[in-house]
Amino acid sequence: QVHLAESGGGLVQAGGSLTLSCVASGNSFSIHALGWYRQAPEKQRELVATITSGGNTNYSDSVKGRFIISRDNAKDMVTLQMNSLKAEDTAVYYCYADRWLRAGPSQILYDYWGQGTQVTVSS
């Protein structure tokens with residue numbers, strides 16, 4: 001199993017910055033990707049950003065140019081720098097991880113989730 005410990009959520013003014021961090025433990029040596037999703041009230045969970053162990057990143061269009069995701073493989077840690085925050089960024093942010101598992105002759109990705117941390121942007 002993989003445990004994800006999140007930190008950094010809180011209240012920030014519009015236009016400000018906030019940094020989220022997540023540390024993986026357990027079978028963290030096998031993690032392929034780390035990242036963040038978010039869910040606002042009455043909305044479905046959506047991608048924010050992910051990063052693979054090789055450094056490939058994937059950002060939601062809504063955060064491109066404002067958020068930066070980075071990863072420290074030695075520390076099994078992923079960081080999300082959130083800049084120029086907007087009210088619409090308000091949501092519960094969930095740390096995400098996946099790892100490859102065997103399924104017969106092939107492999108599949110298995111997902112893991114943190115408990116979530118609240119980010120509130122005031123106008």
Side-chain angles (χ1 to χ4, degrees):
Q1 284 292 328
V2 174
H3 176 71
L4 303 174
E6 303 149 320
S7 63
L11 176 65
V12 65
Q13 296 183 39
S17 299
L18 198 65
T19 299
L20 304 181
S21 297
C22 178
V23 178
S25 61
N27 291 325
S28 57
F29 58 87
S30 64
I31 292 175
H32 167 252
L34 289 167
W36 296 90
Y37 287 70
R38 67 187 182 187
Q39 186 169 18
E42 306 298 323
K43 298 181 67 177
Q44 294 197 352
R45 189 173 300 184
E46 65 177 2
L47 167 75
V48 179
T50 59
I51 183 169
T52 68
S53 59
N56 294 324
T57 58
N58 183 32
Y59 291 93
S60 166
D61 288 341
S62 64
V63 306
K64 284 182 180 178
R66 299 190 297 120
F67 293 7
I68 302 172
I69 190 167
S70 60
R71 177 171 179 168
D72 186 334
N73 290 328
K75 297 180 179 179
D76 297 320
M77 180 176 179
V78 61
T79 299
L80 183 69
Q81 300 179 47
M82 304 186 293
N83 303 309
S84 302
L85 283 162
K86 307 174 181 179
E88 48 263 45
D89 294 317
T90 295
V92 177
Y93 284 69
Y94 295 90
C95 185
Y96 163 89
D98 60 36
R99 65 187 180 109
W100 290 102
L101 295 175
R102 290 184 182 180
S106 60
Q107 297 185 92
I108 60 171
L109 283 174
Y110 195 89
D111 298 338
Y112 301 89
W113 297 94
Q115 66 179 13
T117 184
Q118 178 71 46
V119 172
T120 302
V121 183
S122 62
S123 58

S.K.: Does some side-chain heavy atom of Glu6 sit less than 4.5 Å from a side-chain heavy atom of Tyr93?
M.R.: no
S.K.: Under 3.5 Å, is there a donor-acceptor pair between the side chain of Tyr59 and the main chain of Ile69?
M.R.: yes
S.K.: Roughly how far apart are Thr50 OG1 and His32 NE2, rounded to 0.5 Å?
M.R.: 9.0 Å
S.K.: Looking at Ser84 and Ser17, what are the two nearest heavy atoms and their distance?
M.R.: N-OG, 4.4 Å
S.K.: Using side-chain hydrogen bond (donor to acceptor under 3.5 Å, both in side chains) as the criterion, list what pairs up with His3, not counting sequence neighbours.
M.R.: none
S.K.: When clusters are formed by joining ILVMFWY residues with side-chain heavy atoms under 4.5 Å apart, either directly or through shared neighbours, do Val92 and Leu18 land in the same one?
M.R.: no
S.K.: Taking it one step at a time, do Thr19 and Thr79 satisfy side-chain contact (heavy atoms from CB on, under 4.5 Å)?
M.R.: CA-CA 7 Å; Thr19 299; Thr79 299; 3.3 Å; yes
S.K.: Give the C-alpha distance, both sets of side-chain angles, the deciding distance and a yes or no for salt bridge (charged side-chain N to carboxylate O under 4.0 Å, His left out) between Asp61 and Lys64.
M.R.: CA-CA 5 Å; Asp61 288 341; Lys64 284 182 180 178; 3.1 Å; yes
S.K.: So how far is it from Leu20 CG to Phe67 CZ, rounded to the nearest 0.5 Å?
M.R.: 8.5 Å
S.K.: First locate atom CZ of Arg66, then atom CG of Leu85, and finally report the distance between them rounded to the nearest 0.5 Å.
M.R.: 6.5 Å
S.K.: Looking only at heavy atoms, which two atoms of Leu4 and Ala24 are closest? And how far apart?
M.R.: CD2-CB, 3.7 Å
S.K.: Tell me whether Gln115 at atom CD has more than 12 heavy atoms from other residues, nucleotides or ligands lying less than 6.0 Å away.
M.R.: no
S.K.: Could you tell me whether Tyr96 and Trp36 have their ring centroids closer than 6.0 angstrom?
M.R.: no
S.K.: Could you grab the distance from atom CD1 of Ile31 to atom OG of Ser53, nearest 0.5 Å is fine?
M.R.: 10.0 Å
S.K.: Val63 versus Arg38: any side-chain heavy-atom pair under 4.5 Å?
M.R.: yes
S.K.: Quick one: do the Tyr110 and Arg99 side chains pair a donor with an acceptor below 3.5 Å?
M.R.: no
S.K.: Should Gln118 and Thr90 count as side-chain neighbours, where that means a heavy-atom distance under 4.5 Å?
M.R.: yes
S.K.: Search all heavy atoms of Lys43 against all heavy atoms of Gln39 and return the closest pair with its distance.
M.R.: O-NE2, 3.1 Å
S.K.: CZ/Arg71 to CG/Asn56 distance, rounded to the nearest 0.5 angstrom?
M.R.: 10.5 Å
S.K.: With clusters defined by side-chain heavy atoms of hydrophobic residues (ILVMFWY) lying less than 4.5 Å apart, directly or transitively, does Val2 cluster with Leu101?
M.R.: yes
S.K.: Between Met82 and Val12, is the side-chain contact (heavy atoms from CB on, under 4.5 Å) condition met? List the steps.
M.R.: CA-CA 11 Å; Met82 304 186 293; Val12 65; over 6 Å; no
S.K.: Cluster question for you: counting only ILVMFWY and a side-chain heavy-atom cut-off of under 4.5 Å, with indirect links fine, are Val48 and Ile68 together?
M.R.: yes
S.K.: So, for Gly9 and Val119, which heavy atoms are closest and what is the spacing to 0.1 Å?
M.R.: CA-CG2, 4.3 Å
S.K.: Give me the atom names and distance for the closest heavy-atom approach of Ile108 to Ala103.
M.R.: CG2-CB, 4.0 Å
S.K.: Where do Met77 and Val23 come nearest, in terms of heavy atoms and distance?
M.R.: CG-CG2, 4.1 Å
S.K.: At what distance, to the nearest 0.5 angstrom, does CG of Asp98 lie from OG1 of Thr52?
M.R.: 9.5 Å
S.K.: Are side-chain heavy atoms of Val78 and Ile51 found at a separation under 4.5 Å?
M.R.: yes
